[in-house]
Amino acid sequence: MDQVLAILKNAKPDVDFASEKALIDNNILDSFDIISIVTDLNDTFNVEINIASLLPENFNSAEAIWELVQKLK
C-alpha cells in the first residue's frame with residue numbers, strides 16, 4: 001500500500017491520498033494522471049491493468065487502487 005501512495009504522491013504531490021475517497025468523482029485525477037499512475041503501477045507491481053479495469057470505482061481512492069493491484073497479482 002505504501003508503494004501505491006508513493007506512486008499517487010508522485011503524480012499529484014498536493015493531494016492527501018490517504019484520506020481522499022473520491023479521486024475521480026471530484027476530478028482530482030484526470031486522464032493524464034491515470035495513464036501515468038497505471039504505467040507506474042504496471043511497472044512497480046508487474047501487473048497489467050487493462051482497459052476493462054479503468055473504471056472510476058477502481059481509482060477513486062488509494063485503497064481501491066491497492067485492491068485492484070492485489071486482484072491482478
Side-chain angles (χ1 to χ4, degrees):
M1 180 69 171
D2 289 338
Q3 290 173 302
V4 169
L5 289 171
I7 289 168
L8 292 170
K9 272 291 185 199
N10 188 47
K12 289 271 190 165
D14 56 327
V15 176
D16 179 10
F17 289 103
S19 63
E20 184 60 57
K21 305 294 182 215
L23 296 170
I24 302 299
D25 295 342
N26 290 340
N27 297 315
I28 295 168
L29 295 177
D30 63 24
S31 57
F32 294 109
D33 297 325
I34 295 298
I35 291 168
S36 172
I37 291 165
V38 166
T39 300
D40 288 347
L41 291 168
N42 286 342
D43 292 345
T44 301
F45 294 103
N46 197 28
V47 295
E48 181 74 29
I49 298 173
N50 58 30
I51 291 174
S53 298
L54 295 179
L55 303 171
E57 58 265 24
N58 288 338
F59 291 89
N60 252 335
S61 68
E63 291 83 8
I65 295 169
W66 177 245
E67 288 174 19
L68 174 63
V69 168
Q70 293 305 304
K71 275 195 295 188
L72 295 173
K73 284 180 114 179

Between S36 and D33, is any side-chain donor less than 3.5 angstrom from a side-chain acceptor? no
Looking only at heavy atoms, which two atoms of [X] and [Y] are closest? And how far apart?
| X | Y | result |
| --- | --- | --- |
| A18 | L5 | N-CD2, 4.1 Å |
| I28 | A22 | CD1-O, 4.1 Å |
| M1 | E63 | CE-N, 3.7 Å |
| P13 | N10 | CD-O, 4.3 Å |

Is [Y] close to [X] at the side-chain level, that is, under 4.5 Å between some pair of heavy atoms?
| X | Y | result |
| --- | --- | --- |
| E48 | L72 | no |
| E20 | N26 | yes |
| V38 | F59 | yes |

Straight-line distance of [X] [atom1] to [Y] [atom2], nearest 0.5 Å:
| X | Y | atom1 | atom2 | answer |
| --- | --- | --- | --- | --- |
| D2 | K9 | CG | NZ | 13.0 Å |
| K12 | D30 | NZ | CG | 5.5 Å |
| N58 | W66 | CG | CH2 | 15.0 Å |
| I49 | L54 | CD1 | CG | 7.5 Å |

Audit row: S53, N50, side-chain hydrogen bond (donor to acceptor under 3.5 Å, both in side chains) steps and yes/no: CA-CA 5 Å; S53 298; N50 58 30; 3.1 Å; yes
Criterion side-chain contact (heavy atoms from CB on, under 4.5 Å) on L23 and V15, from CA distance to verdict: CA-CA 9 Å; L23 296 170; V15 176; 4.2 Å; yes
Pick from I65, V4, I7, L29: which one makes a side chain to side chain contact (heavy atoms under 4.5 Å, CB included) with F17? L29
Got a donor-acceptor contact below 3.5 angstrom from the N60 side chain to the D25 backbone? yes
Is the number of heavy atoms from other residues, nucleotides or ligands within 6.0 Å of CG (N46) greater than 12? no
Would you sort out whether I24 and I34 count as a side-chain contact (heavy atoms from CB on, under 4.5 Å), showing the intermediate values? CA-CA 9 Å; I24 302 299; I34 295 298; 3.7 Å; yes
